[in-house]
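The structure appears right after this line, and notes come after that.
Chain naming here is simple, since letters A, B, ... match the order of the sequence lines and numbering starts at 1 in each.
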Amino acid sequence: MTFRSALTRREAMRSALLGSVVLATGLGGSAVAAEKLKAAWVYVGPVGDFGYSYQHDQGRIAVEKALGDKVQTSFVENVPEGPDAERVIERLAREGNQLIFTTSFGFMDPTIKVAKKYPKVHFEHATGYKKADNVAIYNARFYEGRYVIGQIAGKMTKSNTIGYIVSFPIPEVVSGINSFMLGAQSVNPNVKVKIVWVNSWYDPGKEADAAKVLIGQGADILTQHTDSTAALQVAQEKGILAFGQSSDMARFAPKTQITSIVDDWATYYVERVKLELAGKWKSADTWDGIAKGAVYLPEIKNVPDDVKKMAEETIAKIKAGTLKPFGGTITKQDGSTVKDLDDGAILSMNWYIKGIDDKLPQ
Amino acid sequence: MNLELVALQAVLATIVTASTPLLLAALGELVTERSGVLNLGVEGMMVLGAVAGFAVALVTGSPYLGILASALAGAALAVPFGFLTLNLVANQVATGLALTLLGLGLSGLVGEHFVGQPGVRLDKLHLPLLSDIPFVGPILFGQDILVYASLILAFLVYRMIFHSRLGLILRAVGDNHASAHALGYSVIGVRWGAVLFGGALAGLGGGYLSLAYTPQWIENMTAGRGWIALALVVFSSWLPGRLIGGAYLFGAVTILGFYVQGMGVGVPAQLLSSLPYIVTIAALVVISKRRGAARADTPACLGQSFVPDR
C-alpha cells in the first residue's frame, strides 16, 4: 500500500490542487443540522481508479445508504502521503467530523499525530499497525481469496502454467502469491506459476504487455496483483480464463473472469459508524477476511460445475475457520519448514513457498 | 508451430503495440522541437487524447471517430500552450509543465463517468492471405491501422523535414528564428502549426492507449509515457528514422524484460524494469560520440522565445 501512493512530484502537485478544490467546494460551505454524525474518508488515489480507492468509496456510499439522514459523509481524494495528509486530516477534524477514516498505509503517522491533538475525535487507519485510544486500525485478509482462486486455477489449467502479474515485492503481495500457490498445489501437484513484476500498481499498458508475454509463454490462466483491468481484457482477447482484482471486473470480460477478489469495506464501515452513533466506539484492531465479508468472491463463472462446487466448499471452510491458508506445515523455497503462521508472520512475509521457481526480488 | 515460436511471436507482436504510442507522441514533439519550441506538456496532451478518444468511441460506437477525437483533443490542449508561449512569450518550460498538470487534472474530470466502462476496441486488420502467413503474418500484417499510420507518418515527417520547402522553412525557424523572420517567414505562424501538429500526435498516442492497447479509461493511464516520448526525441537527435529505432528499442527492451521474468531465471525484476532506460542512455552515449553530427541536427533555437523586432 505504501507504494500505491508513491506519487511523483507532478502527481503530488496535482493532488494538492485537487485536494484543496475538494476541500473548498465539498466541505467549506456545509451547514447541517447538529444532530447528524459527520464522518469523513481520506483516499490516496482518485475514487475513479476502479480499484483500491474506488472500493473504499463504495464503502462510504454504503454507509450513507444504510444510515441515511443520521450521518453526513464526505471524502477527500488524491491525498498525497506526508505533510499534506496531516493538513487534510486536521482540517477534517476541525470541521467537526467525529469519525475519520484514513485509508492508506502512509497516512499512519499523520493520523496518529492529528489524533493526539484531537482526543475526542475518533480515527480509523487502514493497513497500518499504530494504534491509540482514539485510533482504531483495520485491514482485510486478501490472501484468503487468493487461496480459493489458486485452487480454481490449479484445477482449470491444462498447460500447468499460470501467469501471475504483480506490482511490488511487499508482504501483502508475497503472501498473496504464496497463498495462491498453496491453493493451486492442494489440487494439482504439477502446477507451475510464472511471475512477472511490472513495478507499478497502475500502468494498464505494462500490465497488458506482461499478460501477452505470459500467454505467449504458455500460461493458460492469468491472475494479478495490480489494479487495472488490462490483463483481464488481454485474456479475453486471447480466449483464456483469468481473475479480477479489487473490484468485480466481470463487465470488462464476461466470458473470461472466473471470479474476483473484492475488497468490501462496506460491512466494516457501516458497523463502525453504527457503533459511533450508539456512543460505543472503541479503538480496535480488525483484520477480517472472507468470514466477515471484508473479502468476497463474486459468483464463480466460466468453469465446470464440479470446480465451482469445490471452490464454494473451500470458501465455506475458510468462513467456518476450519481451513487456514497458512495453517499446518509449510515448506519454504529453501527447504526449511514453518508451522501455523500467526498474523505477524503473514504481515511480514518475505519468502516464497516451495514450488515457486521465481526468485523473490529483495 | 512449436512453443518457442508461439512465445517469440507474442513477444514481437507485443513490442509493436508497446512502441506505437511512444512513436506517435514523440513524432509530434519532434516536429514541434524542429520549429524551436520545447513543449514539455506531451504527457498532458496524451492523457487528454486518451480520455477524449475513449469517450467519443464509447458514445458513437466508432473507434475511428475516437481516433479523430483524440487527435483533436491533443491539438486543443496545445492551443493554450501556443498562445502563452508564442503570442505572450511565456517561458516554454514552465508552460509545458503546467500543461501536463492541466491535462492530467482535466482528463480526470472529463473521464469521471467513463471509469469502469468497457471500451470500444480498435480492431486489428485482417488482410486476406497476408495476415494468414504463418508466424510473420500476424506481426507484419495483422496490427491495427494506427501501427501502420505511425510508421507512414514517420516517413512523411522525414520527407517533409528534409525534402520539402516546408521542411526547409521549419528548420530555418528552429535554427535561427531571427534570420527566418528577416527573410519574411512568419516565425510565429510556423511554430503555431508545429505546436498544433505536436499536440494532435500526442493526443493520438494517448488515443492509441485507450482504444487499441488497453480499451478502457482510468485516470493517469499514460503512466509517464509522455516523458519517455520527450526523451526519445532527444535520443533520436531530431531524426524521424532514428526515432522509429528508439521507440522500438525502448519497447523491445521493456517486453524482453517481462519475457525473461516469465522464464523464471531469477534476474532481479527491478534491474529488468530499469533496463529500457539504461539501454536508451547507453545508445545515446554511443550516438553522441559523433558530436558534430548530433549538434548539427539540434534545433539551435530550441526553447527560445521569439519576439519580432520589427
Relative to each other, are the rings of F180(A) and F243(A) parallel, tilted or perpendicular (30° and 60° limits)?
-> perpendicular
Keeping to residues at least two apart or across chains, list the side-chain hydrogen bond (donor to acceptor under 3.5 Å, both in side chains) pairs with something in residues 103-122 of chain B.
-> E237(A)-R121(B)
Non-hydrogen atoms of chain B under 4.5 Å away: do they reach the side chain of V193(A), the backbone, both or neither?
-> neither
Chain B shares the most heavy-atom pairs under 4.5 Å, among K192(A), M249(A), Q233(A), with Q233(A)
Return the option, out of T14(B), L271(B), L109(B), I255(B), with the maximum number of heavy-atom pairs under 4.5 Å with chain A.
-> T14(B)
Between R225(B), M221(B), M263(B), which residue shows the highest count of heavy-atom pairs closer than 4.5 Å to chain A?
-> R225(B)
Leading residue by heavy atom contact count with chain B [cutoff under 4.5 Å; candidates P204(A), A253(A), A230(A)] | P204(A)
dist L146(B):CG -> S70(B):OG (nearest 0.5 Å) comes out at 7.5 Å
Applying a strict 4.5 Å limit to non-hydrogen atoms, the region of P215(B) in contact with chain A is both
Heavy-atom distance under 4.5 Å to chain A: side chain of T17(B), backbone, both or neither?
-> side chain
Verdict with supporting geometry, D357(A) and Q333(A), side chain to side chain donor-acceptor pair (under 3.5 Å) = CA-CA 8 Å; D357(A) 295 331; Q333(A) 204 175 31; over 6 Å; no
Using atom types as modelled, flag every donor-acceptor pair under 3.5 Å from a side chain in residues 205-215 of chain A to any protein atom, sequence neighbours excluded.
from    : atom 1 : to      : atom 2 : distance (Å)
E207(A) : OE1    : T226(A) : OG1    : 3.2
E207(A) : OE1    : S228(A) : N      : 3.2
E207(A) : OE1    : S228(A) : OG     : 2.7
E207(A) : OE2    : D203(A) : N      : 3.1
D209(A) : OD1    : Y213(B) : OH     : 2.9
D209(A) : OD2    : Y213(B) : OH     : 2.7

Side-chain donor or acceptor of T85(B) paired with backbone N/O of Q92(B) under 3.5 Å | no
